[in-house]
Protein chains: 2
Amino acid sequence: MEAARNEARFNNAKYDAAWAIRFRPEPEAARTRPGAHHVRYAARHLVIDEGDAARAVYEVLDGGVILFKLLPDGRRQIIELLGVGDVFGLAVGPVADVAAEALTPVRLAVFEPAAVDADPALRDRLFARLRAQMCALHDHALLLGRKSAQERVATYLMRLVPGRGGLACIGAAPGNAEVRIELRMSRQEIADYLGLTIETVSRTFSALRRANLISYRKQDEVVVPNLCRLCRLTGAH
Amino acid sequence: MEAARNEARFNNAKYDAAWAIRFRPEPEAARTRPGAHHVRYAARHLVIDEGDAARAVYEVLDGGVILFKLLPDGRRQIIELLGVGDVFGLAVGPVADVAAEALTPVRLAVFEPAAVDADPALRDRLFARLRAQMCALHDHALLLGRKSAQERVATYLMRLVPGRGGLACIGAAPGNAEVRIELRMSRQEIADYLGLTIETVSRTFSALRRANLISYRKQDEVVVPNLCRLCRLTGAH
DNA sequence: CGCGGACTTGATCTGTCTCAAGTGCCGTGG
DNA sequence: CCACGGCACTTGAGACAGATCAAGTCCGCG
């Protein structure tokens, strides 16, 4: 069967998977970007619409942003979930290929095309960041193409745990104490991000809760009593 | 319902979708890259394995390459399908985040990390290319998250039609004459790329053939008699 | 000619979607 | 202070697209 095909090639150490997303900057982080101006938007503000002229490149300084695409019949896919440090607005042609919406109140640095053209150091920074986002997108493609609903939700939750990026989940990492996660996304947004329906997301959260893998009162404030146990459900281990 | 939610926001002109993938260089294209050495690999050669030390950055000069990830139980997702001009090997950390395998016999330019560090112009070229691939990946996330099997296969076929990238499919483009496509991928590879099983891919090809949307004798040499009719099945119109 | 691998096709199963009620919570106004 | 509405979420029942399991069929090659 398909599953057996590549089993031999698998090596556990390879699966370092998702990078954490942060919606708050580190306290010591620089809060301005030379050569850019800065803007604030309320949650839900549409920063870029798909098909807009590509006017600028943005970096998230504080808060969260979602990039999404729509199909004519209204199906929506949230393509990237961006936190502090992530960049967007880097289409190829003169037109934005995805829409960008503030997930939370955000502070953004706005780089004009002229500024980008004039500043090789800035380009290098954007380049480096894009590489990181590319890797996250690779992981997300694996999730969308091959993971079950439960694996998707578990993976999603793990991505929101700061300090658990990269190799953190290989073996028992220190700090298995309970972790609190603020989702900042509605069930519908989570569904559109994970390629599921809102009902399936809701059912999966309920099932995880029933299994004591997570708990919550407000539905976007999740407590994970044991990260490793949740991580085992991501499919990556 | 979910579908109706965003209908109002939809605007047909936005959906320029996929970029074409070419497995053969343009005849007039430069065939070497200064500052890089060049290598050839046979089809199926594993260029990079997931978890390898990130040794170099590669550009495809001729042929096709697939980037893929595996899950421990053997599930495979082909993350990117690369043709001439595309680049890979740009992970974030010191370790490759995806495996890369030659899909056809390939010629690659190999850029050592030192060469990349030393050459801002090269970085800019890689950056520009990465932006293009990012857009393709955005489109692919939409496919994996939200499209039906038939839409996936139709989208896949359209991506392999040269000159049909970008805005080409908006309205009736000229050149509706029949087009010949060489897939260069097995049914299993197509399945792993589209997040389906081999049986579903096979059935979908058969269904498209029965509907006279495509025809083929060898199963990887597809003829599309009317591109626009196929394009209408991609879900993007 | 006969073998093997890749593909196709059929029958059945199942995870997720769809459709349809709930339920809970919060804010508003009486 | 409480009734009311609205919205987001949850839950249930049933449908269905695609997965799984199991034969075939086709074709290239020795």
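Just so it is clear: chains get the letters A, B, ... in the order the sequence lines come, proteins before strands, and each one is counted from 1. Scope of the values below: all heavy atoms of this structure, side chains included, with no hydrogens, waters or symmetry mates.
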Student: Which residues pass the side-chain contact (heavy atoms from CB on, under 4.5 Å) test with B/Ala109, sequence neighbours left out?
Tutor: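 Once residues adjacent in sequence are excluded, the partners of B/Ala109 under the side-chain contact (heavy atoms from CB on, under 4.5 Å) criterion are B/Arg33, B/Ala36, B/His38, B/Glu59, B/Leu61, B/Phe111.
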Student: Distance check needed: C/dG15 P versus A/Leu194 CG, whole Å only.
Tutor: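 The answer, rounded to whole Å, is 19 Å.
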Student: For A/Ser215, check side-chain contact (heavy atoms from CB on, under 4.5 Å) against everything at least two apart and list the hits.
Tutor: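 By the side-chain contact (heavy atoms from CB on, under 4.5 Å) rule, A/Ser215 matches A/Val223.
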Student: Which residues satisfy the salt bridge (Lys or Arg N to Asp or Glu O under 4.0 Å) test with A/Arg203, sequence neighbours excluded?
Tutor: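 Applying salt bridge (Lys or Arg N to Asp or Glu O under 4.0 Å) to A/Arg203 gives none.
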Student: In whole Å, I'd like the distance from the CD1 atom of B/Ile190 to the C1' atom of C/dT8.
Tutor: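 About 14 Å, once rounded to whole Å.
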Student: Please figure out whether A/Gln150 or B/Val201 has its closest DNA chain C nucleotide nearer the 5' end.
Tutor: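 Final value for this comparison: B/Val201.
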Student: Run the side-chain contact (heavy atoms from CB on, under 4.5 Å) test against A/Ala100 and tell me which residues pass, sequence neighbours left out.
Tutor: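 If we apply the side-chain contact (heavy atoms from CB on, under 4.5 Å) test to A/Ala100, skipping adjacent residues, the hits are A/Val47, A/Ile48, A/Val65, A/Leu67, A/Phe88.
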Student: Give me the ring orientation class for A/His140 and A/Tyr193: parallel if the planes are under 30° apart, tilted from 30 to 60°, perpendicular past 60°.
Tutor: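 A/His140 and A/Tyr193: parallel rings.
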Student: Among pairs that include at least one residue of residues 203-229 of chain B, which meet ring-ring contact (aromatic ring centres under 6.0 Å, His included), considering only residues two or more places apart or in two chains?
Tutor: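 Sorted result for residues 203-229 of chain B: empty, none.
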Student: Atom CD of A/Glu221 to atom P of C/dC25: distance rounded to whole Å?
Tutor: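 It works out to 14 Å between those atoms.
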Student: Under the salt bridge (Lys or Arg N to Asp or Glu O under 4.0 Å) test, which residues partner A/Glu80, sequence neighbours left out?
Tutor: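 Residues passing salt bridge (Lys or Arg N to Asp or Glu O under 4.0 Å) with A/Glu80: none at all.
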Student: To the nearest Å, give me how far apart CZ (B/Arg75) and C1' (D/dT20) are.
Tutor: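 Taking atom C1' of D/dT20 as the reference, CZ of B/Arg75 is at 15 Å.
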Student: Nearest to the side chain of B/Leu196 - D/dA19, C/dT16, D/dC9?
Tutor: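 Of the options given, the side chain of B/Leu196 lies nearest D/dA19.
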Student: Can you identify which nucleotide, out of C/dC17, D/dG18, C/dT16, has its nearest atom closest to the A/Ala149 side chain?
Tutor: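 Nearest to the side chain of A/Ala149 among the choices is C/dT16.
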Student: For B/Arg217, which residues count as a side-chain contact (heavy atoms from CB on, under 4.5 Å) partner, sequence neighbours excluded?
Tutor: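 Applying side-chain contact (heavy atoms from CB on, under 4.5 Å) to B/Arg217 gives none.
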Student: Any N/O pairs under 3.5 Å between the protein and nucleotides 9-13 of chain C? List them or say none.
Tutor:
residue	atom	partner	partner atom	Å
C/dT9	OP2	B/Ser206	OG	2.5
C/dG10	N7	B/Arg203	NH1	2.8
C/dG10	O6	B/Arg203	NH2	3.2
C/dA11	N6	B/Arg203	NH2	3.3

Student: Please give, in whole Å, the distance from C/dC26 P to A/Asp220 CG?
Tutor: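 In whole Å, C/dC26 P lies 11 Å from A/Asp220 CG.
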Student: Let me know the distance between CD of A/Gln219 and C1' of D/dT10, rounded to the nearest Å.
Tutor: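 Answer to the nearest Å: 10 Å.
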Student: Within less than 4.0 Å of OP1 or OP2 of D/dT10, is there a side-chain N or O belonging to A/Tyr216?
Tutor: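 Answer is yes, contact under 4.0 Å.
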Student: Is it the case that over 12 heavy atoms from other parts of the model lie below 6.0 angstrom from the CZ atom of A/Arg24?
Tutor: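 Atom CZ in A/Arg24 is crowded, with more than 12 foreign heavy atoms closer than 6.0 Å.
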Student: Under 3.5 Å, which N/O atoms of the protein pair with N/O atoms of nucleotides 25-30 of chain D?
Tutor:
none

